[in-house]
Amino acid sequence: MNMTSTLISLTDLGFAWPGQNELLDIPSLTLQRGERLFLSGPSGSGKTTLLGLLGGVQKASRGTVMLLNQDLGAMSASARDRFRVDHTGYIFQQFNLLPFLSVRENVELPCHFSKLRSSRARFRHGSVAKAATELLGHLGLADRNLLERRADTLSIGQQQRVAAARALIGQPALVIADEPTSALDADSRERFLELLFAECATAESSLLFVSHDHSLAKHFDRTESLASLNRVKREMEN
């Protein structure tokens with residue numbers, strides 16, 4: 001394996017919530033730099049837990065989670081938090097925009113917590129504000145009057161694209177999208193994927209896209225099923 005091109009590497013990953021049986025038992029999983037990976041799995045299969053482990057929100061019970069050749073399990077909780085905000089952009093299923101902030105403020109938020117992403121945004125666009133404006137424009141939200149509107153006044157489709165811009169600002173190495181298209185119709189899903197792929201390519205970000213909608217899988221470089229990766233799930237099914 002070429003570690004210089006490997007963004008994520010999981011080895012003998014195990015995770016159990018306190019007092020419960022093991023939820024995840026994944027021998028291996030890798031994601032290459034710049035790769036677009038589609039991960040499928042039904043509700044309750046452990047997808048969100050796995051994403052939390054990849055982002056360093058949770059710590060594995062055993063095994064290793066390597067991101068950018070750094071062992072997340074060897075870091076303190078505060079170090080994992082700093083590492084996550086520097087290198088990972090997240091698009092949540094419910095978008096998780098802060099309703100009392102404007103569109104622009106929501107998109108700029110990661111740059112307030114990460115000097116690295118702020119410096120990247122300034123280097124590429126001239127300023128964090130210009131980075132937010134240009135990202136929103138590329139994602140189909142070019143109306144400047146929209147920038148100062150509260151996030152809770154937007155349509156579902158608009159909120160989704162604001163969440164994507166927030167995840168992408170400052171060129172994080174990894175973008176994780178957790179069921180981001182579940183509330184959209186087929187045409188909107190296709191259009192959103194085109195925009196997301198284009199922005200990830202420009203930022204040279206890897207994309208881990210999690211969904212139960214198998215019709216989207218054909219657009220990705222590679223597909224994986226959590227049921228096939230997770231030995232706990234296979235044992236439960238047999």
Side-chain angles (χ1 to χ4, degrees), residues 6-31 35 37-99 109-110 113-114 160 163-164 166-167 172-183 206-214 216-217 220 222-238:
T6 301
L7 181 71
I8 294 173
S9 177
L10 307 186
T11 306
D12 295 325
L13 175 74
F15 181 83
W17 294 106
Q20 298 185 22
N21 293 329
E22 197 164 60
L23 175 64
L24 295 174
D25 177 8
I26 300 176
S28 65
L29 174 66
T30 60
L31 177 67
E35 186 178 23
L37 174 61
F38 181 90
L39 180 64
S40 65
S43 297
S45 62
K47 296 194 307 294
T48 299
T49 300
L50 176 58
L51 299 185
L53 292 166
L54 294 174
V57 178
Q58 282 93 36
K59 187 175 179 179
S61 305
R62 58 177 173 81
T64 57
V65 180
M66 303 290 291
L67 176 60
L68 289 166
N69 294 328
Q70 300 296 309
D71 184 354
L72 297 184
M75 298 179 182
S76 67
S78 59
R80 290 198 307 273
D81 288 343
R82 290 193 298 270
F83 196 75
R84 179 174 61 255
V85 74
D86 278 345
H87 301 294
T88 304
Y90 223 113
I91 308 174
F92 298 91
Q93 182 174 3
Q94 303 301 325
F95 311 135
N96 288 18
L97 300 178
L98 296 183
L109 204 55
F113 296 101
S114 171
Q160 178 203 52
R166 181 182 61 186
L174 173 64
V175 174
I176 295 176
D178 186 5
E179 298 276 8
T181 60
S182 57
S206 300
L207 175 63
L208 176 58
F209 190 99
V210 178
S211 179
H212 64 274
D213 185 352
H214 291 276
L216 302 177
F220 289 78
R222 181 163 60 98
T223 65
E224 294 281 2
S225 165
L226 186 54
S228 65
L229 292 171
N230 187 11
R231 289 189 294 210
V232 171
K233 184 63 176 175
R234 288 205 297 271
E235 290 169 3
M236 291 172 61
E237 290 173 342
N238 289 338

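Among all heavy-atom pairs drawn from Ile91 and Ala167, the shortest one is CG1-CB, 3.6 Å. Residues Arg166 and Phe95 share a closest heavy-atom pair of NH2-O, 2.6 Å. Of all heavy-atom pairs spanning Ser228 and Ser225, the tightest one is OG-O, 2.8 Å. Closest approach of Leu207 to Ala177, counting heavy atoms only: CD1-CB, 4.4 Å. Shown here for Ser206 and Leu31, the closest heavy-atom pair between the two residues is CB-CD2, 3.8 Å. Across every non-hydrogen atom of Phe15 and Glu22, the tightest pair is O-CG, 3.4 Å.
Between the side chain of Arg62 and the backbone N or O of Asp12, at least one donor-acceptor pair lies under 3.5 Å. A donor-acceptor pair under 3.5 Å links the side-chain atoms of Asn230 to the main chain of Leu23, judged by distance alone. The main-chain N or O of Met66 is never found under 3.5 Å from a side-chain atom of Asp71 such that the two would form a donor-acceptor pair.
Ring pair Tyr90/Phe92 is parallel by interplanar angle, where below 30° counts as parallel and above 60° as perpendicular.
Atom CG of Leu208 sits about 5.5 Å away from atom CD1 of Ile176, to the nearest 0.5 Å. Atom CZ of residue Phe83 and atom CD of residue Gln70 lie 5.0 Å apart, to the nearest 0.5 angstrom. Atom-to-atom distance recorded for Leu174:CG and Leu68:CG is 8.5 Å, nearest 0.5 angstrom. The distance from the CG atom of Leu10 to the OG1 atom of Thr64 is 7.5 Å, given to the nearest 0.5 Å.
For Phe38, the ring pair (Phe, Tyr, Trp, His ring centres under 6.0 Å) partners at least two apart in sequence or on another chain are Phe220.
Residues Ile8 and Glu35 are not in side-chain contact: their nearest non-hydrogen atoms beyond the backbone lie 4.5 Å or more apart. With contacts defined as side-chain heavy-atom distances shorter than 4.5 Å, the pair Arg84/Phe113 does not qualify. Put simply, the side chain of His87 does not reach to within 4.5 Å of the side chain of Pro172, judged on heavy atoms. Leu7 has its side chain within reach of Leu67: a pair of non-hydrogen atoms, C-beta onward, lies under 4.5 Å apart.
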Exercise. Can you list the steps and then say if Thr223 with His214 is a side chain to side chain contact (heavy atoms under 4.5 Å, CB included)?
Worked result: CA-CA 10 Å; Thr223 65; His214 291 276; over 6 Å; no
For this session: Apply the test side chain to side chain contact (heavy atoms under 4.5 Å, CB included) to residues Gln160 and Thr181: give CA-CA distance (whole Å), side-chain angles for both, the deciding distance (0.1 Å), then the verdict.
Result: CA-CA 8 Å; Gln160 178 203 52; Thr181 60; 3.8 Å; yes
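With respect to Leu29, the side chain to side chain contact (heavy atoms under 4.5 Å, CB included) criterion is satisfied by exactly one of Leu229, Leu39, Thr11: Leu229.
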Which donor-acceptor pairs under 3.5 Å do side chains of residues 46-61 form with protein atoms, sequence neighbours excluded?
{"residue": "Lys47", "atom": "NZ", "partner": "Gly41", "partner atom": "O", "Å": "2.6"}
{"residue": "Lys47", "atom": "NZ", "partner": "Pro42", "partner atom": "O", "Å": "3.2"}
{"residue": "Lys59", "atom": "NZ", "partner": "Gly73", "partner atom": "O", "Å": "3.2"}
{"residue": "Ser61", "atom": "OG", "partner": "Ala16", "partner atom": "N", "Å": "3.1"}

